[in-house]
Number of protein chains: 2
Amino acid sequence: MAISRISKKKLRDPQADAPSEAAKAILDTAEGLAQTRGYNGFSYADVAEQLGVTKASLHYHFPSKADLGTALIERYHRVFLRALEAIDLRTNEPDKKLRYYIELYDSVLNNERMCLCGMLAAEIATLPIPMQEGLRLFFDENEQWLIAVLEDGLRIGAFRFKETANERARMIVAALEGAMLVARSYGDPARFHVVASSLLSDLSQAGRT
Amino acid sequence: MAISRISKKKLRDPQADAPSEAAKAILDTAEGLAQTRGYNGFSYADVAEQLGVTKASLHYHFPSKADLGTALIERYHRVFLRALEAIDLRTNEPDKKLRYYIELYDSVLNNERMCLCGMLAAEIATLPIPMQEGLRLFFDENEQWLIAVLEDGLRIGAFRFKETANERARMIVAALEGAMLVARSYGDPARFHVVASSLLSDLSQAGRT
DNA sequence: GTCTATAGGTGGATAGAC
DNA sequence: GTCTATCCACCTATAGAC
C-alpha cells in the first residue's frame, strides 16, 4: 500500500499503468469533486454516490485517499503535458501559443472548476508528501513550457518584457491561477478574461523605450 | 443561532460587537489554522487544543462553525481596511501606495500563511452563503482601493496601462493572490516577490508608444 | 471486482453541572 | 464562561462473502 511517487517516466510513458475503466470513472468523478470542493471537501462516499457503487469498491482501486489524490495529480499533469505538446504542433507563433495556453485554463473555468493543482496548492499543508511533490512538478512543467514560448517570442520580437523569461513565466502562472480563484468566487468567467487580456497586452506593449 | 450577514456598517463601526478576550483568542487561533490549512482543514478540536480549552467552550462564543467562519472573514476584512487607510495616511504617491499594498500581502506570506480570503475562495463551493458573500465583499473593497490608486497614478503619470483602472485592479489582485498560492507551495517567498516586481515594472513601463 | 457489514476515529454540536 | 459527558453523522479503511 506504499504511496507511489510521481516519476517523470510515469508522466510520459503512455504504457505505464493503464488504468481500468472503473479506475478511470473513479478518477473522473473524484477530479470534478476535487476541482470544485477541494481535497478536504470531498469523500469516498461522495464519489461512490455519484458513480452508484459502494465505498468499498473504491478502496479496491485506490486503497487510500492519498493514493487517489496522487493518481489525480499524476493524470491531470499528464493530460496537461499532452495539451501543451498539441499546442506546439498546432502553431509556431509564440503569441498564438500563449493564447492557446490561456484557453486551457479558460476551458477548466467554464466547467465551473478550479485548476486541480491550484486548488490543491491552497490545501498543501494538509496533503501527503507525494501529493505536495506532484503539485510542484506540475507548476515546474508549466513554467518550463512558458519559458520556451516567452524566449522564442522575445527573440522574434513578438513579446517585450524586462525580466527574465523565468520570472515572467512565474508571473503568468500566478496571475492565471489567481484569476481562476477570484473569478470562480463570483461565478464570473469575465473576471478571468480581463486578467488574461492584461497579461497579453503587457507582453506586447511593455519595455518599449 | 441565525448566521449574521456581514454588513458594511459592522465593518466600519469600531464599537460594533466588541469581542471578549476569549473570543479574540479563538479568532486568532482559528485564523492561523484557516490560513494554513483551509476552512475544511481545521476543526474545533484543533482550536481547542492550541488554546488549552475544550471544544464546548468554543461553541459558547461561536455556536456553529459557520458563525466562526463568518466572524473570521469579517475581522480579517476590517483589519485589512484599516491597513489600507493607514497607507493612505502615510503617503500620497500612488507608486508607494502600491508598494505598501504589496507589503501587506508579503507580511502574510512571511508568516507562512495564505491570504485568508484567497484560501477560502478556493473552498467557496463548500462554504455557507454568508461566508461566500463576505469573500466577495473583501475582494470588492480591495479592488475599489486599487482603482483609486491606479487612476491617481495614471493621472499624474506615475503609472501607464491601457485597460481601465478596474481591469488593471482585478489583474493585480489575481496575480498577488495566485503568487501567494504558488509561492507557499514551494515554501519560497521569492516566488511572490518576482511576481510583485513584474506587476510594478509593467505599470511603469507599459503603454509607451 | 463489487458487495455487506463493520471497525475505529473524528466531525460539529448540545445538555446540564459548576 | 468553562467544564464533563454524550449524541449522531460522517470519515477512512478493512474483512470476508459472492
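Not measured: the values here are computed from a predicted model. Letters A, B, ... mirror the listed sequences (proteins, then strands); counts begin at 1.
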Whole angstrom value for the distance that separates [atom2] of [N] from [atom1] of [X]:
X: Glu49(A); N: dC11(D); atom1: CD; atom2: C1'; result: 15 Å
X: Leu58(A); N: dT14(D); atom1: CG; atom2: C1'; result: 14 Å
X: Phe62(A); N: dT2(C); atom1: CZ; atom2: P; result: 11 Å
X: Lys55(A); N: dA7(C); atom1: NZ; atom2: P; result: 13 Å

Starting the side chain at C-beta, find the nucleotide from [options] nearest to [X].
X: Tyr60(A); options: dT4(D), dC11(D), dG1(C); value: dG1(C)
X: Lys65(A); options: dT12(D), dC3(D), dA13(C); value: dT12(D)
X: Ser64(B); options: dC3(D), dT14(D), dA13(C); value: dA13(C)
X: Asp46(A); options: dC3(D), dC11(D), dT2(D); value: dC11(D)
X: Ser43(B); options: dG12(C), dG1(C), dG1(D); value: dG12(C)
X: His59(A); options: dG11(C), dC11(D), dT14(D); value: dT14(D)
X: His61(A); options: dT4(D), dC11(D), dG1(C); value: dG1(C)

Side chains of [X] and [Y] only: does a donor on one sit below 3.5 Å from an acceptor on the other?
X: Tyr39(A); Y: Asn40(B); result: no
X: Ser64(A); Y: Asp67(A); result: yes
X: Asp88(A); Y: Tyr100(A); result: no

Partner residues of Arg99(A) under the salt bridge (Lys or Arg N to Asp or Glu O under 4.0 Å) criterion, sequence neighbours left out: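 Counting only residues at least two positions away or on another chain, Arg99(A) forms a salt bridge (Lys or Arg N to Asp or Glu O under 4.0 Å) with Asp95(A).
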
Could you tell me whether the phosphate oxygens of dC3(D), OP1 or OP2, come under 4.0 Å of any side-chain nitrogen or oxygen in Thr54(B)?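 Looking at the OP1 and OP2 atoms of dC3(D), one of them is under 4.0 Å from a side-chain N or O of Thr54(B).
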
side-chain hydrogen bond (donor to acceptor under 3.5 Å, both in side chains) pairs, two or more places apart, involving residues 47-56 of chain A: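 Listed once each, the pairs would be none.
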
Heavy atoms only, 4.0 Å cut-off, all strands: where does Phe42(B) land among base, sugar-phosphate and nothing?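 Sugar-phosphate, backbone atoms only, no base.
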
Have a look at Tyr44(B) and say if it touches a base, only the backbone sugar-phosphate, or nothing, with a 4.0 Å heavy-atom cut-off.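 Sugar-phosphate contact only.
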
